[in-house]
Trainee: 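Structure provided below as structure tokens; questions to follow.
All values derive from a computational prediction rather than experimental measurement.
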Amino acid sequence: MKEPLRYSMARTKEELEGSRQLIFEEYTRSGYISDQGAAIALKTGKYLGLAGTATFILRYRDDIIGTMTIVRDGKNGVPMDDLYAEEINVIRKSGLKIAEVTQFAMRKGVQVGYLSQNKRLSAPYLSIPLLKLAFHYAL
């Protein structure tokens, strides 16, 4: 029996907070962030909640086990402007649209039964539909 996996856009405050909590836990565990200031910036970033920002989540049962966010270019720019503003401005001036995929995380160690109790899928496989959902949104 297939176990309940649900891919969707985060729409509630609770879903966004669950996404941020997963990011915080996995980025801390992986060593991407280590100090309290970075953790606070991650949880309250200037792009969260803006009209051009969409967060996608993967739920397994009642837990958020995967997330990613797309930030569309706008008056606040995109997060990578902090490092690559000059290069991004060249793209902007050419008339192309810009969006950045950011805050991607999958819960380490989660394995989900698929189609039968004998086959288990881990994070790399589970992330593919999440990436596909974000890709279709970006298009």
Side-chain angles (χ1 to χ4, degrees):
M1 182 169 121
K2 189 174 177 181
E3 296 182 19
L5 285 172
R6 293 185 315 275
Y7 296 86
S8 66
M9 185 183 293
R11 300 201 184 278
T12 67
K13 182 179 177 184
E14 291 77 21
E15 289 174 332
L16 288 171
E17 182 52 37
S19 171
R20 301 303 162 244
Q21 187 61 38
L22 175 61
I23 292 288
F24 174 74
E25 290 169 6
E26 292 302 316
Y27 281 28
T28 301
R29 185 192 54 73
S30 298
Y32 298 145
I33 57 174
S34 59
D35 63 55
Q36 191 63 24
I40 290 169
L42 179 66
K43 292 184 94 174
T44 61
K46 68 181 181 178
Y47 300 96
L48 302 181
L50 296 178
T53 301
T55 297
F56 301 92
I57 56 174
L58 165 58
R59 285 185 176 273
Y60 175 58
R61 297 182 177 141
D62 290 329
D63 297 322
I64 294 175
I65 64 166
T67 188
M68 75 169 26
T69 297
I70 294 181
V71 178
R72 290 187 312 217
D73 197 17
K75 68 177 183 175
N76 293 316
V78 291
M80 62 184 154
D81 274 317
D82 292 344
L83 297 174
Y84 303 106
E86 187 176 322
E87 293 88 343
I88 293 169
N89 283 331
V90 170
I91 295 169
R92 282 184 183 109
K93 288 176 185 171
S94 76
L96 294 173
K97 293 182 180 181
I98 298 171
E100 180 174 348
V101 175
T102 186
Q103 295 189 335
F104 173 68
M106 297 294 291
R107 173 110 30 231
K108 184 172 173 68
V110 170
Q111 293 200 351
V112 175
Y114 183 74
L115 297 179
S116 74
Q117 297 294 31
N118 298 330
K119 186 167 183 180
R120 311 291 287 170
L121 295 178
S122 59
Y125 295 102
L126 297 171
S127 67
I128 293 169
L130 188 64
L131 293 163
K132 184 178 177 184
L133 180 64
F135 176 76
H136 284 283
Y137 172 83
L139 288 178

Trainee: Taking Thr67 for its side chain and Phe104 for its backbone only, find out whether a donor-acceptor pair lies under 3.5 Å.
Mentor: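 No.
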Trainee: Test side-chain contact (heavy atoms from CB on, under 4.5 Å) on Asp81 and Arg92 and set out the steps.
Mentor: CA-CA 11 Å; Asp81 274 317; Arg92 282 184 183 109; 2.7 Å; yes
Trainee: Which pair of heavy atoms, one from Ile70 and one from Ala138, lies closest together, and at what distance?
Mentor: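 Shortest heavy-atom contact: CD1-CB, 4.1 Å.
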Trainee: Under 4.5 Å between side-chain heavy atoms, hopping through other hydrophobics if needed: is there a path connecting Leu83 to Val78?
Mentor: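 Yes, Leu83 connects to Val78 through the hydrophobic network.
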Trainee: Give the minimum heavy-atom separation between Ser94 and Ile91, together with the two atoms involved.
Mentor: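 In terms of heavy atoms, the two residues are closest at OG-O, 2.6 Å.
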Trainee: Just to verify, which of Ile57, Leu130, Leu22, Leu126 counts as forming a side-chain contact (heavy atoms from CB on, under 4.5 Å) with Ile65?
Mentor: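 Of Ile57, Leu130, Leu22, Leu126, side-chain contact (heavy atoms from CB on, under 4.5 Å) with Ile65 is met by Leu126 alone.
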Trainee: Quick one: do Leu58 and Met68 end up in the same hydrophobic cluster if we chain Ile, Leu, Val, Met, Phe, Trp and Tyr together by side-chain heavy atoms under 4.5 Å apart?
Mentor: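 Yes, Leu58 connects to Met68 through the hydrophobic network.
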Trainee: Kindly indicate, with the supporting measurements, whether the criterion side-chain contact (heavy atoms from CB on, under 4.5 Å) is fulfilled by Val71 and Gln103.
Mentor: CA-CA 10 Å; Val71 178; Gln103 295 189 335; over 6 Å; no
Trainee: Any chain of hydrophobic side-chain contacts (each under 4.5 Å) joining Leu131 to Leu133?
Mentor: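 They do share one cluster, since a chain of ILVMFWY contacts under 4.5 Å joins Leu131 to Leu133.
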Trainee: Could you walk me through whether Glu25 and Arg107 satisfy the side-chain contact (heavy atoms from CB on, under 4.5 Å) test, starting with their C-alpha distance in whole Å, then the side-chain angles of each, then the deciding distance to 0.1 Å, before giving a yes or no?
Mentor: CA-CA 9 Å; Glu25 290 169 6; Arg107 173 110 30 231; 2.6 Å; yes
Trainee: Looking only at side-chain N and O atoms, does Arg20 offer a donor or acceptor that is under 3.5 Å from a partner on Thr55?
Mentor: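 Looking only at side-chain atoms, Arg20 and Thr55 do form a donor-acceptor pair, the distance falling under 3.5 Å.
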Trainee: Would you please test Met106 and Glu26 for side-chain contact (heavy atoms from CB on, under 4.5 Å) and show each step?
Mentor: CA-CA 8 Å; Met106 297 294 291; Glu26 292 302 316; over 6 Å; no
Trainee: If you count heavy atoms of other groups shown closer than 6.0 angstrom to OH of Tyr84, is the number above 12?
Mentor: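 Atom OH in Tyr84 is not crowded, with 12 or fewer foreign heavy atoms closer than 6.0 Å.
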Trainee: Treating Ile, Leu, Val, Met, Phe, Trp and Tyr as nodes and any side-chain heavy-atom pair under 4.5 angstrom as an edge, say whether Leu16 and Tyr27 lie in one connected cluster.
Mentor: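 Result: no, two separate clusters.
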Trainee: Is the number of heavy atoms from other residues, nucleotides or ligands within 6.0 Å of CG (Asp62) greater than 12?
Mentor: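 Count not over threshold, so no.
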Trainee: In the structure I gave you, are the side-chain heavy atoms of Glu15 and Arg59 within less than 4.5 Å of one another anywhere?
Mentor: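 Heavy-atom side-chain distance check passes, below 4.5 Å.
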Trainee: Can you hop from Phe135 to Val101 via hydrophobic side chains spaced under 4.5 Å?
Mentor: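 Different hydrophobic clusters.
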Trainee: Could you state the interatomic distance from CD (Gln21) to CD (Glu17), rounded to the nearest 0.5 Å?
Mentor: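 Result: 6.0 Å between the selected atoms.
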